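Take a look at the structure set out below.
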Amino acid sequence: MITTDEYENEIIDIRRVSKVTKGGRNLKFRVTIVIGDRNGRVGVGVGSTTEIPRAIQQAIRDAKKNMIDIPLNGGTIPHEVIGKFKAGRVLLKPAYPGTGIIAGVTVGALCRLAGIRDILTKSIGTTNPLTLSRAAINGMTRLRSREEVETLRKGEPVKAEVKDAA
């Protein structure tokens with residue numbers, strides 16, 4: 001894990017990719033990185049160059065451009081949501097305090113760097129880390145806090161969900 005000025009980051013994928021041309025194969029490295037401040041801001045970036053260190057720097061710059069804010073409810077998310085990107089689907093569910101982050105490597109890194117401490121996730125479809133991270137980011141952008149929902153409903157209060165003990 002490399003720490004930049006105000007954000008922590010985690011490399012979630014390094015792949016060697018090639019482009020076949022008339023002169024032969026052009027090899028490059030594609031790096032996918034997640035950056036976050038552990039306080040509700042997170043971003044995913046991709047860099048692709050012939051050298052891994054330059055690809056990492058490129059991915060960090062890309063991730064900083066694509067940062068999003070996530071409304072946190074204590075240490076979890078406010079409500080359940082499904083994020084979609086191409087063939088990837090990610091289910092994000094809030095969890096009770098003390099549950100921890102129940103997620104795979106890719107979505108787990110996103111949640112940790114976003115500052116989420118308790119969450120249940122399920123990835124459906126593809127296992128490609130880039131697609132999964134983009135699906136998780138899509139789900140996180142669709143999260144709304146209680147106050148945002150109330151303003152959208154023109155001041156009508158949102159009822160607290162009551163769960164049965166059965």
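From a predicted model like this one, the values you see are computed outputs, not experimental measurements. Residue numbers run from 1 in the order of the sequence given.
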List, by chain and then residue number, the residues other than [X] in its hydrophobic cluster (Ile/Leu/Val/Met/Phe/Trp/Tyr, side-chain heavy atoms under 4.5 Å); write none if there are no others.
X    : value
V17  : none
I102 : L120
I124 : none

Using side-chain heavy atoms (C-beta onward) and a distance below 4.5 Å, is [X] in contact with [Y]?
X   : Y    : value
V42 : I137 : yes
R54 : I52  : no
T21 : K19  : yes

Out of curiosity, [X] [atom1] to [Y] [atom2], how far, rounded to the nearest 0.5 Å?
X    : Y    : atom1 : atom2 : answer
I68  : T141 : CD1   : OG1   : 5.5 Å
S18  : L27  : OG    : CG    : 5.5 Å
I12  : E10  : CD1   : CD    : 8.5 Å
R134 : T32  : CZ    : OG1   : 8.0 Å
Q58  : S48  : CD    : OG    : 7.0 Å
F29  : E51  : CZ    : CD    : 9.5 Å

Which heavy atom of [X] sits nearest a heavy atom of [Y], and at what distance?
X    : Y    : value
A59  : V31  : CB-O, 3.7 Å
T121 : G104 : OG1-N, 4.3 Å
S133 : V44  : OG-CG1, 3.7 Å
V34  : L113 : O-CD1, 3.3 Å
I60  : I35  : O-CD1, 4.3 Å
G43  : M67  : N-SD, 3.7 Å

| request: Indicate, with yes or no, if I11 and V46 share a hydrophobic cluster defined by side-chain heavy-atom contacts under 4.5 Å among Ile, Leu, Val, Met, Phe, Trp and Tyr. | output: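 Shared cluster, no.
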| field | Working for side chain to side chain contact (heavy atoms under 4.5 Å, CB included), residues M140 and C111 | value | CA-CA 10 Å; M140 290 177 180; C111 293; 4.0 Å; yes
| task | Please identify each residue that fulfils side-chain contact (heavy atoms from CB on, under 4.5 Å) with N128, with sequence neighbours left out. | result |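 Applying side-chain contact (heavy atoms from CB on, under 4.5 Å) to N128 gives R15, R30, T126, L130, T131.
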| message | The criterion is salt bridge (Lys or Arg N to Asp or Glu O under 4.0 Å); which residues satisfy it with D69, sequence neighbours excluded? | response |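 Salt bridge (Lys or Arg N to Asp or Glu O under 4.0 Å) check on D69 returns R41.
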Identify each donor-acceptor pair in which a side-chain atom of residues 70-90 lies under 3.5 Å from a protein atom, sequence neighbours left out, and give them as a table.
residue : atom : partner : partner atom : Å
T76     : OG1  : A95     : N            : 3.2
T76     : OG1  : D118    : O            : 2.6
H79     : NE2  : R144    : N            : 3.1
R89     : NH1  : K86     : O            : 3.0

| message | Taking the basic N atoms (NZ, or NE/NH1/NH2) and the acidic carboxylate oxygens, is any pair closer than 4.0 Å for R112 and E8? | response |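 No, R112 and E8 are not salt-bridged.
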